[in-house]
Amino acid sequence: MADEMMEPGGGGVTKKFLYVNRKAPYGTIYALESLEVVLIGAAFEQDVSMIFADDGIYQLKKGQDTTASDMKNFSPTYRALEMYDVEKLYVEKESMDARGLTPDDLVVPVEVKTAAELGDLMENQDVILSF
Amino acid sequence: MADEMMEPGGGGVTKKFLYVNRKAPYGTIYALESLEVVLIGAAFEQDVSMIFADDGIYQLKKGQDTTASDMKNFSPTYRALEMYDVEKLYVEKESMDARGLTPDDLVVPVEVKTAAELGDLMENQDVILSF
Amino acid sequence: MLLHTINKSPLVNNALSTCLRMAKDGSGILFIEDGVYGALTGTEITAVVEKAMKTKKVYALEPDVKARGVQDRVIKGVQLVDYSGFVDLTTEYDKVESWL
Amino acid sequence: MLLHTINKSPLVNNALSTCLRMAKDGSGILFIEDGVYGALTGTEITAVVEKAMKTKKVYALEPDVKARGVQDRVIKGVQLVDYSGFVDLTTEYDKVESWL
Amino acid sequence: MKFGICINEGPYTHQASDTAYQFTKAALEKGHEIFRVFFYHDGVNNGTRLTTPPQDERHIVNRWTELAEKHSLDLVVCVAAAQRRGIVDADEQKRQGKDANNLAPGFRISGLGQLIEAGIQSDRLVVFGD
Amino acid sequence: MKFGICINEGPYTHQASDTAYQFTKAALEKGHEIFRVFFYHDGVNNGTRLTTPPQDERHIVNRWTELAEKHSLDLVVCVAAAQRRGIVDADEQKRQGKDANNLAPGFRISGLGQLIEAGIQSDRLVVFGD
């Protein structure tokens with residue numbers, strides 16, 4: 001999605017990268033540009049996890065149609081993450097419940113975890129990028 | 001505070017202008033730049049009111065000292081509003097209570113009104129600018 | 001009467017809550033942009049919005065609802081408008097307060 | 001353990017609330033920018049923060065506290081740090097999670 | 001009716017500029033008059049001609065320029081906000097001693113009084129922001 | 001220790017750029033190494049040399065340029081984010097066929113991989129944003 005000007009690869013180092021997504025799509029650009037980071041980052045062959053919490057879960061909502069608002073519908077791109085070996089997608093149970101959402105509502109398979117479980121996961125990372 | 005490139009005056013028309021301030025100072029620039037609008041607007045001799053609600057009330061907090069953060073302390077400017085005939089400053093009672101603030105905490109005299117009273121005031125305006 | 005626009009998700013920000021404290025009976029509330037998450041069934045603020053609908057007219061901007069894929073979850077009785085309908089609302093009400 | 005930074009006022013935004021759901025006992029919470037309004041006595045979220053202080057260490061960035069004129073209202077036990085102290089915290093904790 | 005439009009956020013970053021554009025376009029299509037579109041705060045960033053968005057995305061700046069051309073819109077960028085953010089026309093370039101300018105066609109830079117005037121002269125002032 | 005810094009908001013608009021600057025300066029004064037400062041999202045707007053803030057305010061862009069000069073900092077502006085927002089250096093100007101550029105001294109434009117690399121190479125990556 002973006003021009004890339006350096007050779008990928010982390011010089012043999014593999015770190016645990018966690019991306020925390022808490023912003024709704026479209027209202028602001030954070031969701032779209034964060035996804036660009038994840039896709040570029042995939043070339044570096046790090047150990048990647050993604051957490052979706054709060055309105056960030058809405059990034060994955062099925063049925064997005066931006067025709068009438070003339071914005072770019074980037075939700076299909078989440079389905080491409082698997083091809084980039086980004087497969088550890090977690091959604092927070094408490095945020096799902098607050099929105100009445102279930103995994104069936106989402107464009108990709110996700111694992112539902114409680115806030116406490118995600119807190120453990122966070123502590124177990126090397127680099128956290130939050131958007 | 002800002003360069004001004006047009007002749008002031010509303011062509012004889014006087015409207016009721018209401019500025020609604022709901023953002024905290026310093027974290028974002030809205031409070032500072034909104035104050036610039038009010039000052040410039042004063043030259044147009046309109047009937048001006050200002051509402052401070054939510055974290056916007058913190059714009060008026062006494063004792064602001066930006067030395068260590070190297071930002072511009074613009075809180076003294078609120079005291080100049082009176083010279084510009086901007087004297088109708090209202091703070092929302094509910095927001096004050098939620099923050100444990102009283103009029104004594106603020107750099108300018110304000111009138112405390114309930115949300116319901118401010119709702120009436122809003123309905124009675126011609127132009128509302130919210131920041 | 002005023003038309004109030006809400007463009008922030010009430011699930012993460014308090015703008016709707018302050019708006020509802022001040023909005024008079026008979027005024028209109030239009031959810032736009034991320035605010036449309038406030039017009040949905042099954043969320044933790046659905047009851048708040050349904051209560052507001054008893055005394056105020058509630059609208060949501062359909063292009064924003066569709067962009068977010070939530071068109072099948074809009075609370076019954078919330079009126080969907082397109083951009084043309086948004087313009088009409090601003091003329092039908094006396095003025096607009098944007099709850100930024 | 002993680003150092004969590006909160007830069008939004010917990011009086012208008014839910015970032016602190018989500019942070020507190022996930023933050024483990026023993027982790028640190030640093031209020032910066034508009035987040036420092038979360039470190040004050042007498043507000044509607046004071047009790048939430050005081051409860052968190054029983055299991056987590058809570059800090060606030062003093063330059064931001066002073067800029068906002070709330071230095072006389074910081075909850076007792078909240079440790080004030082300057083920018084140099086902020087840097088130290090990021091080295092004392094294992095990594096930083098910014099709750100944007 | 002006569003509308004004034006105020007836009008407080010930059011292109012792409014926040015949907016405010018998109019919504020304001022669609023609103024303005026719809027108002028014009030319905031025969032309303034747009035007295036002025038005023039760009040304030042980060043809204044001034046809508047007025048740079050140096051953007052190159054991805055080819056599969058809308059070009060927000062060009063879209064404003066084209067709408068202004070078609071309907072003789074008055075697109076005003078606030079000078080004070082523009083100075084803080086580096087939006088510069090030829091006059092400002094000279095005045096501030098800069099070596100380049102970046103204002104897009106169809107926009108002009110002027111003072112905050114233009115926003116107040118829009119409030120006075122318009123039947124409705126609609127603010128789009130964050 | 002080795003730090004990576006990521007800045008997601010523009011100058012003046014949001015305090016993120018101020019906080020990041022003060023943090024970076026303090027880290028350098030304590031003898032830490034700054035591997036890279038990466039400007040993403042609206043953070044790219046910190047990299048324009050066309051700003052003229054009021055004389056009684058700090059000059060955020062110049063402050064970065066001076067800090068970079070003094071400590072040989074690597075200030076990287078994300079190319080994709082910069083294209084959306086109109087931040088352009090001489091190379092980009094040529095590549096995109098623009099008639100001007102606005103990148104401030106001390107900054108360079110490069111890809112998102114530079115952010116990932118900062119995450120890999122630094123002991124701590126600290127994000128400042130909204």
Side-chain angles (χ1 to χ4, degrees), chain B residues 1-51 54-56 71-72 74 77 84-86 122-123 125-131, chain E residues 1-10 13-14 16 20 35-36 38-45 74 76-89 91-96 103 107-130:
Chain B
M1 293 171 82
D3 292 80
E4 188 45 39
M5 293 183 165
M6 68 172 291
E7 290 299 306
V13 181
T14 302
K15 283 192 172 181
K16 288 182 188 160
F17 268 69
L18 173 67
Y19 298 97
V20 182
N21 294 276
R22 293 181 45 249
K23 307 269 174 74
Y26 306 115
T28 54
I29 202 172
Y30 300 103
L32 167 59
E33 288 191 330
S34 304
L35 187 54
E36 294 183 348
V37 176
V38 178
L39 293 174
I40 295 287
F44 288 77
E45 297 181 355
Q46 303 293 304
D47 180 3
V48 173
S49 302
M50 296 179 76
I51 290 179
D54 289 332
D55 283 352
M71 293 184 296
K72 177 179 166 176
F74 57 99
T77 310
Y84 289 82
D85 293 323
V86 177
M122 272 185 187
E123 289 288 351
Q125 301 297 315
D126 297 311
V127 182
I128 304 179
L129 276 162
S130 38
F131 297 100
Chain E
M1 260 190 188
K2 208 186 286 184
F3 282 90
I5 306 289
C6 182
I7 302 176
N8 295 338
E9 302 300 325
T13 298
H14 193 284
F35 176 76
R36 178 171 294 147
F38 191 83
F39 296 87
Y40 197 44
H41 300 305
D42 266 10
V44 302
N45 292 327
D74 188 20
V76 177
V77 169
C78 170
V79 62
Q83 285 173 350
R84 278 201 186 90
R85 292 165 181 86
I87 303 298
V88 174
D89 63 5
D91 280 353
E92 275 287 301
Q93 177 186 344
K94 204 172 161 187
R95 229 173 113 210
Q96 309 295 347
L103 195 73
F107 291 80
R108 67 186 178 94
I109 294 182
S110 187
L112 269 173
Q114 302 267 316
L115 171 60
I116 306 296
E117 197 196 25
I120 295 169
Q121 300 294 336
S122 303
D123 300 307
R124 297 285 185 279
L125 182 68
V126 188
V127 182
F128 297 90
D130 184 23

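Letters go in sequence order (proteins before strands), and every chain restarts at 1.
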Heavy-atom distances under 4.5 Å only: say whether B:Y30 touches chain E with side chain, backbone, both or neither.
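Interface part for B:Y30: both.
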Side chain, backbone, both or neither of B:T28 within contact of chain E (heavy atoms, under 4.5 Å)
neither
Gap separating the [atom1] atom of [X] from the [atom2] atom of [Y], nearest 0.5 angstrom:
X      : Y     : atom1 : atom2 : value
B:S130 : E:N8  : OG    : CG    : 8.0 Å
E:L125 : B:F17 : CG    : CZ    : 7.5 Å
E:I116 : B:Q46 : CD1   : CD    : 8.0 Å

Between [X] and [Y], which heavy-atom pair has the shortest distance, and what is it?
X      : Y      : result
E:G119 : B:K15  : O-NZ, 3.2 Å
B:E33  : E:Y40  : O-OH, 2.5 Å
B:I128 : E:V127 : O-CG2, 4.2 Å
E:D130 : B:K23  : O-NZ, 2.7 Å

For E:D42, which atoms come within 4.5 Å of any heavy atom of chain B: side chain, backbone, both, or neither?
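Neither part, no heavy atoms under 4.5 Å.
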